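Heads up: the structure comes next, in structure tokens.
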Amino acid sequence: MKGFNTRAVHEGQTPEKSTGAVTPPIYQTSTFAQEAPAKHLGYEYTRADNPNYQNLETALSSLEGAKYGTVFGSGCGAETAVLSILKSGDHVIAGNDLYGGTHRLFTKVFANFGISFDFVDATQPKNFEKALRKETKLIWIETPTNPLLRLTDISAVCEIVRKKKIYVVVDNTFATSYLQRPLGLGADVVIHSTTKYIGGHSDVIGGCAITNNKELSEKLQFARKSMGLNPSPFDCWLAQRGVKTLGLRMERHQHNAMEVARFFVEHPKISKVYYPGLPSHPQYKLASKQMAGFGGMVSAEFRLSVEQTKKLISSFSVFTLAESLGGVESLVCHPATMTHASVPKKEREKTGVTDSLVRFSVGIEDTEDLLEDLEDALAKFRI
Ligand SMILES: *Cc1c(COP(=O)(O)O)cnc(C)c1O
């Protein structure tokens with residue numbers, strides 16, 4: 001098998017036959033001509049399938065080391081498709097530190113359809129074992145988590161359910177297939193919000209679900225078509241353009257993230273730094289074993305009041321204050337008032353998302369400019 005970067009550039013990007021176009025075009029069409037009823041070239045209607053979907057699926061599944069991929073209109077769309085394989089009465093065990101939108105989808109949508117959810121501390125695999133019921137059909141892991149960058153030992157969790165009919169789903173959005181390949185560790189499905197590192201340029205919303213299980217993959221394709229979870233051909237084309245530089249970008253993201261984390265560790269106005277690449281991270285050993293690198297996300301707690309923290313993160317010149325992550329540009333956000341605002345303060349603080357916590361999606365800019373931006377902004381505050 002060819003290397004990661006070669007596959008990222010070439011998989012699903014065979015030059016187009018009728019013209020020789022090196023980059024396959026955007027098939028911006030809702031429907032496809034048929035020669036006779038039901039006699040066609042494999043495509044009928046874009047809600048069900050489109051060449052741009054398949055091109056992206058070929059690349060994404062290859063990078064995950066898998067046979068099948070299905071792309072969706074968003075990460076949440078991919079999650080919806082995976083959950084739709086369940087039935088009323090089924091039980092799901094998930095980490096208690098999930099992306100807020102995932103938690104909302106579970107508790108505010110699928111819970112209404114008779115599916116029950118238990119949320120456990122996912123840093124301890126035995127918690128999944130303790131929560132098992134005979135109705136358990138799915139285990140949902142996100143590693144590393146947002147915004148505290150906690151890890152789950154994927155192999156250990158998969159081992160617990162190995163002989164049972166329980167699927168393990170891993171949200172691989174933060175690590176990406178460049179740094180972590182859960183299917184090789186025993187997981188059944190990997191999902192990504194391709195909005196983040198895979199798209200990589202903050203210009204597209206998308207998602208995918210990847211698996212080696214043919215039956216599951218057919219159910220995911222069925223879910224896309226039946227529930228209208230499809231992406232647009234153009235968005236897939238954009239995401240595919242992003243995929244080609246995923247490896248290059250991740251190298252740069254994590255280089256910069258490590259420098260930012262080291263800068264924070266030394267800084268007197270910062271009390272706590274969360275980055276899996278720091279030997280002081282409680283799961284540094286697991287991160288070194290499970291991941292091929294530590295990624296581009298860093299969180300930190302400042303020795304500042306909430307008001308000061310808000311002022312600080314609004315005053316950067318290179319870091320942009322915005323939700324989302326994984327784009328080429330550095331972003332900063334305040335989880336307590338932005339991504340986690342809907343979580344009650346008490347519950348939020350219990351999980352470690354305090355008022356002084358700030359999350360950084362470290363981009364690919366020049367390292368010195370990022371450090372200077374942080375230094376200059378911090379210099380304006382007294383502790
Ligand atoms: C953003 C995100 C999602 C949801 O993806 P969308 O593309 O925004 O729907 C799911 N999981 C994680 C970890 C995310 O960061």
Side-chain angles (χ1 to χ4, degrees), residues 53 56 60 64 69-84 92 94-110 119 122 138 140-152 154 169-180 182 187 189-210 220 223-224 227-232 235-236 238-239 242-243 246 250 253 257 274 276 291 295-299 322-327 331-333 335 338-343 351 353 359-362:
Y53 302 178
L56 183 57
L60 295 178
E64 229 21 275
T70 307
V71 291
F72 295 94
S74 68
C76 287
E79 296 177 359
T80 299
V82 172
L83 286 164
S84 78
V92 178
N96 63 3
D97 194 10
L98 297 181
Y99 172 72
T102 307
H103 186 265
R104 182 175 57 207
L105 182 65
F106 288 4
T107 57
K108 300 263 162 60
V109 181
F110 281 95
F119 298 95
L138 211 71
W140 195 284
I141 299 169
E142 199 179 305
T143 178
T145 63
N146 170 34
L148 294 163
L149 303 157
R150 293 190 179 121
L151 272 69
T152 299
I154 300 170
V169 183
V170 177
D171 184 334
N172 205 20
T173 300
F174 268 42
T176 78
S177 24
Y178 187 65
L179 301 179
Q180 175 170 282
V189 185
V190 164
I191 68 134
H192 288 276
S193 165
T194 56
T195 311
K196 316 294 168 51
Y197 287 108
I198 288 177
H201 296 74
S202 304
D203 53 10
V204 64
I205 299 277
C208 68
I210 296 162
L220 294 167
R224 179 175 68 194
M227 294 193 284
L229 300 171
N230 58 287
S232 83
D235 283 354
C236 291
L238 273 177
V243 168
L246 179 62
M250 289 315 287
H253 279 298
Y274 298 88
M291 301 168 72
M297 301 300 295
V298 182
S299 292
E323 288 186 15
S324 200
L325 62 111
L331 301 180
V332 58
C333 91
M338 296 166 71
T339 52
H340 289 60
S342 62
V343 186
T351 64
V353 183
R359 187 192 80 180
F360 296 84
S361 171
V362 184

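Nothing here was measured: the structure is a model prediction, and the numbers come from that model. Order of listing sets the numbers, starting from 1, for every ligand and every atom in it. All residue numbers refer to positions in the sequence shown, counting from 1.
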Which pairs of donor and acceptor atoms, one on a side chain in residues 75-84, lie under 3.5 Å apart (sequence neighbours left out)?
| unit_1 | atom_1 | unit_2 | atom_2 | d |
| --- | --- | --- | --- | --- |
| E79 | OE1 | T102 | OG1 | 3.1 |
| E79 | OE2 | T102 | OG1 | 2.9 |
| T80 | OG1 | C76 | O | 2.8 |
| S84 | OG | A81 | O | 2.7 |

What are the distances between nitrogen or oxygen atoms of ligand 1 and protein nitrogen or oxygen atoms, counting only those under 3.5 Å?
| unit_1 | atom_1 | unit_2 | atom_2 | d |
| --- | --- | --- | --- | --- |
| ligand 1 | 5 (O) | S193 | OG | 3.0 |
| ligand 1 | 7 (O) | G75 | N | 2.9 |
| ligand 1 | 7 (O) | S193 | OG | 2.8 |
| ligand 1 | 7 (O) | T195 | OG1 | 2.7 |
| ligand 1 | 9 (O) | G75 | N | 3.1 |
| ligand 1 | 9 (O) | C76 | N | 2.9 |
| ligand 1 | 11 (N) | D171 | OD2 | 2.7 |
| ligand 1 | 15 (O) | K196 | NZ | 2.7 |

List the atom of P182, the atom of E64, and the distance in Å for their closest heavy-atom pair. CD-OE1, 3.5 Å
When you measure from the side chain of T152 to the backbone of A122, do you find a donor-acceptor pair of N or O atoms at a distance under 3.5 Å? yes
With A175 via side-chain contact (heavy atoms from CB on, under 4.5 Å) - residues at least two apart: P144, N172, L179, Q180, M291
Sequence neighbours left out, what passes side-chain contact (heavy atoms from CB on, under 4.5 Å) with V353? Give chain and number order. P147, L148, P335, H340, R348, T351, L357
Nearest heavy atoms of L98 and W140, plus distance in Å: CD2-CD1, 4.0 Å
